[in-house]
Amino acid sequence: MRSVVSNISSAITNGSELGWLISPAQDFIMVFQGDRFPEKMSGHIVRQFVTWEQFQALESAFADIDGVRLIYCEGVLEIVGIGRTHEMTRTLLCALLGQYFTLKRIRFVSTGVYTQSLQGRAKFQADLSYNFDTEKEISDLCIEVVVTSGNVAKLRKYQLLEVPEVWLWEDGKISVFWLRSGDYVQSSHSLCLPDLDIEHLEQCLLMDSQLDAMLALADRYK
């Protein structure tokens, strides 16, 4: 890492205005700017008043960097390092839901982390997204695993695309939101999956063993 820092510092000295050192594995982002001392942040940066054109330029610059996600919504840019906790939660939740769909014979289309966008206003990737019964242009359900929230209005980008239901997992809890008359309202259960026990799903996600989690969900719905 020392050689990488040296290379970035050299580039700044030779005229570059901004440099980034991103380490998703260690959950930090280091920002180099002009003659300022490098600023070390958590694996989540929020910047306000970013234009769509500026976002597109940054998106191109970050295109080949693994483990980093850029989220843009109406002038707010998030740069998120995708770390181990995030991926463990996301992949287990995906497996549990897939098992639930199979047990309940629910027809679904998993659209994963595909990019959703509204030209000039928003561009993002949910951690998981699903259509039910048939494939549609807009997901029926989007799920976001929130490890470092940064006080950003997470629901706005989904509201712009009129996603009917959104789940936010944070600190071991799943918050469910339905879109009603253009605004999201929080609910204790899912509209898309009304028979799913959200509290039990939360418990499964907190289990130390992923195998135990899968078995517990199977026992709950057999």
[X] vs [Y] side-chain heavy atoms within contact, under 4.5 Å:
| X | Y | answer |
| --- | --- | --- |
| C73 | L160 | yes |
| L205 | I174 | yes |
| M214 | L96 | yes |
| L128 | W167 | no |
| D127 | L93 | no |
| K222 | L103 | no |
| V147 | V145 | yes |

Under 3.5 Å donor-acceptor, [X] side chain and [Y] backbone:
| X | Y | value |
| --- | --- | --- |
| Q48 | G75 | no |
| S187 | V176 | no |
| W178 | H189 | yes |
| Q116 | L161 | no |
| Q125 | V113 | yes |

Partner set under side chain to side chain contact (heavy atoms under 4.5 Å, CB included) for E135, not counting sequence neighbours: V109, N131

Side chain to side chain contact (heavy atoms under 4.5 Å, CB included) between F132 and L193, worked out: CA-CA 10 Å; F132 298 104; L193 306 169; 4.0 Å; yes

Hydrophobic clusters here meaning ILVMFWY residues chained together by side-chain heavy-atom distances under 4.5 Å, can you tell me if [X] and [Y] are in one?
| X | Y | value |
| --- | --- | --- |
| M207 | L196 | no |
| L97 | L211 | no |
| I138 | I71 | yes |

How close do [X] and [Y] get, counting heavy atoms only, and between which atoms?
| X | Y | value |
| --- | --- | --- |
| S139 | T111 | OG-OG1, 3.8 Å |
| Q99 | A218 | NE2-CB, 3.6 Å |
| L168 | F177 | CD1-CE1, 4.0 Å |

Any side-chain donor paired with an acceptor under 3.5 Å for E170 and S175? no

Does any donor atom in the side chain of E59 or Y72 lie under 3.5 Å from an acceptor atom in the other side chain? no

Just wondering, are more than 12 heavy atoms of other shown residues or ligands nearer than 6.0 Å to NZ in K136? yes

Give a yes or no on this: more than 12 heavy atoms of other residues, nucleotides or ligands lie within 6.0 Å of atom OH of Y114. yes

Got a second to check how far [X]'s [atom1] is from [Y]'s [atom2], nearest 0.5 Å?
| X | Y | atom1 | atom2 | answer |
| --- | --- | --- | --- | --- |
| L191 | R180 | CG | CZ | 5.5 Å |
| F124 | L118 | CZ | CG | 9.0 Å |
| Q159 | R156 | CD | CZ | 4.5 Å |
| D183 | L155 | CG | CG | 10.5 Å |
| L179 | Y158 | CG | OH | 13.5 Å |
| L92 | L206 | CG | CG | 9.5 Å |

Is the distance from the ring center of W169 to that of H86 below 6.0 Å? no

What about F101 and Y130, are their ring centers closer than 6.0 Å? yes

Can you list every side-chain hydrogen bond (donor to acceptor under 3.5 Å, both in side chains) pair that touches residues 193-221, not counting sequence neighbours? D197-R220

Option among E144, E74, E162 that satisfies the salt bridge (charged side-chain N to carboxylate O under 4.0 Å, His left out) test with K157: E144

